[in-house]
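In this chain, residues are counted from 1 in sequence order.
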Amino acid sequence: MTRTLHAHPGLVDATAFAPPVIVGTSAEQALDILFQALLDVARRHDPDLEAVLHGTADISRFSPQMLARALQVQGIWFQLISIAEQNAAMRRRRHVERTEGRAALSGSFAKVFADARRQGVPPEKIQALLSDLRIRPTLTAHPTEGKRVTVLEKFRRIYLVLRELEMPRWTDRERNGLMNELRDQIELVWMTGELHLEKATVEREVAWGLHFFDETLFEMLPETLETLHEALAETYPGTDFKVPPFFQFGSWIGGDRDGNPYVTAAVTRQTLHRNALASLTRYRDGVRELGRTLSLTERSLPLPESFHAELERQLAESGQARAITRRNPGEPYRQYLSCVLRKIEATIARNEGEHPSGPDYASADGLIEDLRTLERGLTEAKCGALARDLVRPVRRMVEIFRFSTVRLDLRENTTRTTDTLHALWRQRNGDGEPPALGSTAWRQWLDTELARPRDPERSFEDLPDAARETLATFALVAEMREALDREAFGAFVLSMTRSVEDVLGAYLLAKEAGVFLDAAGTEICPLPIVPLFETIDDLRAAPAIMRALLGVPVVRRSTRWQGGVQEVMIGYSDSNKDGGFVAANWELYKAQSKLTRLGEELGVGIAFFHGRGGSVSRGGVPTHRGIMAQPPGSIRGRFRTTEQGEVVSFKYANRGTAAYQMELLAASVFEHALAGDGERAGPGHDDALEALAGASRAAYVQLLQTDGLVDYFQAASPLDEIALLNIGSRPARRFGARSLSDLRAIPWVFAWSQNRHVITGWYGVGSGLASFIDVRGRDGEATLKRLFNESRILRLVLDEVEKTLMMVDLDIARAYAGLVPDAAIRDRIFSMIEAEYALTREMVLRVSGGADLAERFPLFRDRLKGRLPTINQVSREQVELLARYRAETDEDRREAVKSALLLSINCIAVGFGATG
């Protein structure tokens, strides 16, 4: 049998575990090499698993211990397939660039700018957009990544060795050595084990996040900006474009307190110092390398007078002028870099709590200016190429990552902030009850406290522990902006925002903690306060809330100080959980449209922070299509989105893939901004989407409100067992309750995908489409078919629904339903799911005109079909493991079953390429 390999974050068209056959293409050879190496490791450690890899084993007869080993090897194979896919994708992109030019690459800067030039876009408009461009993917610690950092490092090494094996220069002896190294790394993964044995800590999550910066992002993001610069120079020759550090990374890791009791002010402080140390260490390495490289002597070229004066100043400031000049006599650039290096080392010492012996950098601005001085010095000495090729990448790195690596967001929910505000009220007004939330008295108290001068002597020692902890976290902002970097923090994200008062309460807490600054005699908050609208009701209320909020003087002043932009976060997860896939996407679209128009009316830019997850159900869609489907004018060059778990690993674990993903994101945002108001769908678009979303939501909510759904969900899925995976520090529920409304959206999606129902990505769509056609008849069907081709948002939704339906397997889902002890509940709910699936499949194909699901996506179909035989087998084994685990009373046997069960969860997730 042969394999056809395609690039996708976790899907491949391959006969499950069939023996590899080389058919001559490098992609096939890569898959063959990895399979053979894994097979060799299996034969060495557990020969019985060879049959598993060949797809001939009857694993239903395996003991729990043997089944765990089988599931582990299947999970490793899925990971190796993903590595081969990424490798093949890079080769294809390079081939296109070599043969057709970079402008032929979809998602590249070169293509976007070439298209702009053909459309007559002047360079002035390009520069204006560049100046306003702000892109910030934000890493989160949401629990969807099972791999340990040590395993990520080994998979990274496997990718690098596989890339080396592509080179034709190796002798047979050298090639055999590389094959041995590849096999060794796979063996190390085998012997290490992918899953965490202990509950993840926040400190471990921080290390996981920084891993991607150390491995790829510190180097590749500056290179991405250089790629943009080159594309502009080629497309608009003769124009001197200024490329600001518009692309930065944010993070919630170590700052996200929402429902996570382990993120304390002390943990956040430690996180900030670790983030700072990561960037400072990289700058130290970069400056050291420049010092080794720039060995230019005064005899070989004249030293510009301005640089000579700056060198003398730096030497005098260092207090070590004699030692530095003695070490590098006649080498002025090395002497200069020695001064810079000493200041970086002193800054590192200060960050670690030591007292530096010499001058240090108060902020990244000083280091940036020193590197600019070096660039000017080299350029004036007619060494501009050295300045551009050697120094500018280091300077860009500092501009992007500063002394914080990421812009750390703080996140908390309104329950906690309101509790803290109530504690402050009681401190100032006695032990009575504060005014009711939403009352005039409560708003008046907030306004009064925001208007009165802050008492710097006020003590919070008598407040409850939780309130003091919340205020201590805000106080960190004032402290660390001063001591570490003014951009150490990104924003304060307020989850569960329901009212203007919720947001004003966050402003008051920031003021009380000393965050506010005096700007031209008035107070402003330098920390952006970002409301998060999550549920459908919240999204509908957002425009009215933001209109009232932007009328508050302190908010308007702060927004102007922050660049005239108010950021709003919108949640894809809870809105989907609340109303289903179609309704959530439409409500998100409407909210953005209305908020964009509101910003235009008020003269305030509204920027959106998209709270997406990895799966389709949580907003995970193809990058370019997802951005282009946003409402016209809603991006305008400003785009933030969350990146989490397995999505981070897929996008940023390898340098080539990371460079592609960052360029794709930035180029897509730029393309949307260039489009301006862009294309708008034809007549009836909004009315049709409104009716479709309403009917779809009604069907979805009917399922949620069906008696026994919570019992069905818990019994017919590994919901509770997912928490045993140790893949995140956060509890599965915010406040410890066990209601459906309190359950986090991630385990909600994760568990429904494990049990192959996957209702979060399609349920209610069939009813919505059928209702629309029933009411409007032939005209309704014609309208839907027209909008399917005209409306980017409807097309995106229905495309992703079709893909999701392919992941559903009702026979396997029925087996999971068999775990529900109450037959009446089981039959009632499963029959609803079965009927809606059939209707959704029928109606989606009717609108799209397809003969079969996702036939417009042949690569996706082939990749998924290649994996489904193995995923299906693992799913059936998981059903059996769940039954045995829940029934087992012997602790040792239960532990053995648990190991296999957790590996089955991991294996299915890896096979599909997404969890929550």
Side-chain angles (χ1 to χ4, degrees), residues 142 495-498 531-543 568-595 608-622 625-627 629-631 634 641-642 644 685-686 688-705 740-741 743-753 757-769 771-772 787 791-805 836 840 844 914 916:
H142 286 325
S495 296
M496 301 163 60
T497 297
R498 302 283 190 269
L532 168 52
F533 300 105
E534 300 174 84
T535 68
I536 287 179
D537 287 345
D538 295 342
L539 290 166
R540 290 176 174 176
V568 172
M569 186 169 186
I570 51 176
Y572 287 71
S573 308
D574 284 280
S575 56
N576 187 310
K577 177 170 170 276
D578 190 32
F581 190 58
V582 174
N585 277 275
W586 178 236
E587 293 295 339
L588 287 158
Y589 188 95
K590 284 196 302 180
Q592 290 179 80
S593 298
K594 292 176 180 178
L595 287 167
F608 295 100
F609 184 1
H610 300 261
R612 296 179 182 271
S615 66
V616 170
S617 306
R618 301 192 58 242
V621 296
R625 294 190 66 209
I627 289 173
Q630 298 306 305
S634 65
T641 186
T642 50
Q644 66 185 51
H685 173 268
D686 289 7
L689 267 293
E690 189 72 26
L692 180 60
S696 173
R697 184 185 185 189
Y700 177 83
V701 170
Q702 182 183 14
L703 175 67
L704 263 58
Q705 294 177 347
L740 186 61
S741 61
L743 182 69
R744 287 187 174 275
I746 293 172
W748 169 256
V749 171
F750 198 169
W752 281 119
S753 66
H757 293 54
V758 209
I759 66 164
T760 53
W762 62 269
Y763 196 95
V765 177
S767 291
L769 293 171
S771 174
F772 190 91
L787 291 178
S791 168
R792 283 178 171 170
I793 183 63
L794 180 61
R795 179 62 174 265
L796 182 67
V797 166
L798 294 185
D799 283 349
E800 297 307 314
V801 166
E802 283 197 44
K803 292 178 185 177
T804 303
L805 289 172
E836 183 65 24
T840 300
V844 167

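At a threshold of 4.5 Å between non-hydrogen side-chain atoms, the residues Ile793 and His685 count as touching. Phe581 is not listed as a side-chain neighbour of Thr760, based on a closest heavy-atom distance of 4.5 Å or more. A 4.5 Å side-chain heavy-atom check between His610 and Ile570 finds at least one atom pair inside the cut-off. For the pair Leu692/Leu794, a side-chain contact is recorded, criterion being any heavy-atom separation below 4.5 Å from C-beta on. In this structure the side chain of Val765 reaches within 4.5 angstrom of the side chain of Leu798, judged on heavy atoms.
The backbone N or O of Lys577 sits less than 3.5 Å from a side-chain atom of Tyr700, completing a donor-acceptor pair. Looking only at distances, a side-chain donor or acceptor of Ser696 sits under 3.5 Å from a matching main-chain atom of Gly764. Using modelled atom types, no side-chain atom of Asn576 and backbone atom of Ala584 make a donor-acceptor pair closer than 3.5 Å. Proximity of a side-chain donor or acceptor of Ser575 to a complementary backbone N or O of Ile536 within less than 3.5 Å is not detected.
Here Arg625 contributes atom CZ and Arg795 contributes atom CZ; the two are 6.5 Å apart, rounded to the nearest 0.5 Å. Distance check, rounded to the nearest 0.5 Å: OG1 of Thr641 to OH of Tyr572 gives 7.5 Å.
Residues forming a side chain to side chain contact (heavy atoms under 4.5 Å, CB included) with Ser634 (at least two apart in sequence, or on another chain): Gln592, Thr596, Phe608, Gln630, Pro631, His672. Partners of Lys594 according to the side-chain hydrogen bond (donor to acceptor under 3.5 Å, both in side chains) rule, which considers only residues two or more places apart in sequence or in another chain, do not exist here. Listed by chain and residue number, Ala699, Glu836, Leu839 satisfy the side chain to side chain contact (heavy atoms under 4.5 Å, CB included) test with Ser767 (two or more places apart in sequence, or in another chain). Applying the salt bridge (Lys or Arg N to Asp or Glu O under 4.0 Å) criterion to Glu802, with sequence neighbours excluded, gives Arg856. Not counting sequence neighbours, the partners of Tyr589 by the ring pair (Phe, Tyr, Trp, His ring centres under 6.0 Å) test are Trp586. For the side chain to side chain contact (heavy atoms under 4.5 Å, CB included) test, residues two or more places apart in sequence or in another chain that qualify with Ala591 are Leu539.
Pairing each heavy atom of Leu796 with each of Ala629, the nearest pair is CD2-CB, 3.9 Å. Taking every heavy atom of both residues into account, Leu787 and Ala688 meet most closely at CD1-CB, 3.5 Å. Smallest separation of non-hydrogen atoms from Ala583 and Arg697: CB-CB, 3.8 Å. Heavy-atom minimum distance, Val801 versus Gly761: CG2-O, 3.6 Å. Residues Arg540 and Glu587 come closest through the heavy atom pair NH2-OE2, 2.8 Å.
Only one option out of Tyr763, Trp762, Trp752, Trp748 pairs with His757 in a ring-ring contact (aromatic ring centres under 6.0 Å, His included); it is Trp752.
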Between Asp538 and Thr497, does the side chain to side chain contact (heavy atoms under 4.5 Å, CB included) criterion hold? Intermediate values first, please.
CA-CA 7 Å; Asp538 295 342; Thr497 297; over 6 Å; no
